[in-house]
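Beneath this line is the structure, given in structure tokens, with notes to follow.
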Amino acid sequence: MATLILVRHGRSTANTAGVLAGRTPGVHLDERGVEQAAALPGRLAAVPLVLAVTSPQERCRETLGPLIDARPGLELRTDERVAECDYGDWSGRKLGELADDPLMAVVQQHPSAAAFPGGESLRAMQARAVDAVRDWNARVTAEHGEDATYLVCTHGDIIKSLVADALGLHLDLFQRIHAEPCSVTAVRYTGTRPFLLRLGDTGEFGSLVSRHGRRTDAGTTGGDPAPEGNAVVGGGAGAP
């Protein structure tokens, strides 16, 4: 079956402000995110894409803008099923303010039981994303053959949940996975099992350097997990 390239959107204004954007409209790429998006066509130059699919959020569409400009014949489709998690009442709030909410402990330690007030559960988020990928896999393979490669631009928690599914991991383990802004994750699907080919590849390694001396409002240091080991809800900002 097809090979899936998952691209997380570039760094956004919400990422750097420590805000859980969710589906809040008007969240755009920041200056660094624009640079990351501009570099994406070169990073993927050797990959013969047959289709691009995007989340409806502006930051994803902006991330793919330079790639679509560089490949005018590449079809672009929007799929609501790979939209950001619906964080409900948490959307638009500072992550620092949410850190002490009892639900945060559930999100971190038992995410399969987490449901956001006024929003959706993490189980529902994963289910719709997996359904989307399986549908696109079948469609792309039928139309373009077993060796076809397509791209989906989406969000950190969506990518983590898809990687967990590909690896056969329970959703309760998905917080152990991390994907930087504008990183590339690749999964090759076959009739019997998926293979994870890349995970969170940005082509640089500066983000591996611990920066625990500089905490942000999100309780992280430039996208690293917080000192107490919590994962970054909403994906985090990545290296400055």
Side-chain angles (χ1 to χ4, degrees), residues 6 8-9 12-15 17-27 53-60 78-136 152-181 185 187 194 199-200 216-220 223-237:
L6 289 164
R8 187 183 167 200
H9 63 78
S12 74
T13 53
N15 290 147
V19 171
L20 186 62
R23 299 180 179 183
T24 305
V27 176
V53 180
T54 182
S55 156
Q57 273 68 58
E58 293 103 319
R59 53 199 184 272
C60 287
T78 299
D79 192 333
E80 296 279 348
R81 295 175 297 177
V82 295
E84 177 66 286
C85 182
D86 184 355
Y87 297 114
D89 297 345
W90 278 28
S91 301
R93 294 180 60 188
K94 286 275 191 178
L95 284 161
E97 298 173 358
L98 296 168
D100 295 329
D101 190 304
L103 178 59
M104 183 61 83
V106 182
V107 170
Q108 294 292 332
Q109 300 170 28
H110 190 21
S112 65
F116 296 97
E120 70 179 334
S121 68
L122 288 173
R123 292 190 319 279
M125 177 200 75
Q126 183 186 45
R128 62 174 167 82
V130 170
D131 283 348
V133 165
R134 297 293 182 176
D135 287 349
W136 286 114
V152 173
C153 187
T154 183
H155 306 267
D157 283 347
I158 296 287
I159 292 172
K160 289 159 57 177
S161 71
L162 289 170
V163 170
D165 173 74
L167 293 176
L169 297 177
H170 195 280
L171 184 60
D172 284 344
L173 300 179
F174 100 126
Q175 296 290 28
R176 302 183 183 192
I177 300 165
H178 185 69
E180 293 280 332
T185 295
V187 182
L199 175 60
T216 68
D217 287 341
T220 69
D224 291 338
E228 63 271 23
N230 281 347
V232 183
V233 179

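No experiment lies behind these values; they were computed from the predicted model shown.
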Exercise for the section: Could you tell me whether the side chain of Arg23 and the main chain of Glu84 form a donor-acceptor pair under 3.5 Å? Expected result: yes
Practice task
Keeping the roles fixed (side chain from Lys94, backbone from Ala17), state whether a donor-acceptor pair exists under 3.5 Å.
Solution key: yes
Handout entry: Nearest heavy-atom neighbours spanning Met104 and Leu98
Key = CB-O, 3.7 Å
Completion exercise
Of all heavy-atom pairs linking Ala83 and Ser55, the shortest is CA-OG, 3.5 Å
Practice task
Please check if the side chain of Gln108 supplies one atom and the backbone of Asn230 the other of a donor-acceptor pair under 3.5 Å.
Solution key: no
Problem - Leu199 side, atom CG; His178 side, atom NE2 - distance, nearest 0.5 Å - result: 9.5 Å
Handout entry: Validation row: Leu162, Leu6 side chains within 4.5 angstrom (heavy atoms)
Key = yes
Handout entry: Donor-acceptor pair, side chain of Thr154 and main chain of Val82, under 3.5 angstrom
Key = yes
Problem - Close side-chain approach of His155 to Gln57, heavy-atom, < 4.5 Å - result: yes
Exercise for the section: Applying salt bridge (Lys or Arg N to Asp or Glu O under 4.0 Å), name anything that partners Arg128, two or more places apart in sequence or on another chain. Expected result: Glu120
Exercise for the section: Say whether, by atom type as modelled, one donor and one acceptor occur between the side chain of Thr54 and the main chain of Thr78 under 3.5 angstrom. Expected result: no
Exercise for the section: Using a 4.5 Å cut-off on heavy atoms from C-beta on, say whether the side chain of Arg81 contacts that of Asp135. Expected result: yes
Problem - Ala179 backbone acceptor or donor facing Arg8 side chain under 3.5 Å - result: yes
Exercise for the section: Pick out which of Cys153, Ser12, Pro181 makes a side-chain contact (heavy atoms from CB on, under 4.5 Å) with Arg59. Expected result: Ser12
Problem - Atom pair CD/SG of Gln126 and Cys85 - distance to nearest 0.5 Å - result: 11.5 Å
Problem - Val163 side chain near Thr185 side chain, heavy-atom distance below 4.5 Å - result: yes
Fill in the blank from the handout: In this structure, CG of Leu167 is separated from CZ of Arg176 (nearest 0.5 Å) by 12.5 Å
Handout entry: Reported NE2-to-CD1 distance for the pair His9 and Ile158, which is rounded to 0.5 angstrom
Key = 10.5 Å
Handout entry: Sub-4.5 Å side-chain heavy-atom contact between His170 and Ser112
Key = yes
Practice task
Run the numbers on Asp131 and Arg134 for salt bridge (charged side-chain N to carboxylate O under 4.0 Å, His left out), then give the verdict.
Solution key: CA-CA 5 Å; Asp131 283 348; Arg134 297 293 182 176; over 6 Å; no
Handout entry: Any residue meeting salt bridge (Lys or Arg N to Asp or Glu O under 4.0 Å) with Glu58, in chain and number order, not counting sequence neighbours
Key = none
Practice task
Compare all side-chain heavy atoms of Leu171 with those of Arg123 and state whether any distance is below 4.5 angstrom.
Solution key: yes
Exercise for the section: Please report the C-alpha distance between Leu103 and Phe116 in whole Å, then the side-chain angles of each, then the deciding distance to 0.1 Å, and finally whether the side chain to side chain contact (heavy atoms under 4.5 Å, CB included) criterion is met. Expected result: CA-CA 8 Å; Leu103 178 59; Phe116 296 97; 4.1 Å; yes
Practice task
Identify the heavy atoms of Thr24 and Gly92 that sit nearest to each other, and give their distance.
Solution key: OG1-N, 3.8 Å
Handout entry: Spacing of CD belonging to Glu180 relative to CD1 belonging to Ile159, to within rounding of 0.5 Å
Key = 11.0 Å
Exercise for the section: Give the minimum heavy-atom separation between Ala21 and Val27, together with the two atoms involved. Expected result: CB-CG2, 4.0 Å
Exercise for the section: Please tell me if the side chains of Phe174 and Leu169 come closer than 4.5 Å, counting only heavy atoms from C-beta onward. Expected result: no
Practice task
Compare all side-chain heavy atoms of Asp157 with those of Tyr87 and state whether any distance is below 4.5 angstrom.
Solution key: yes
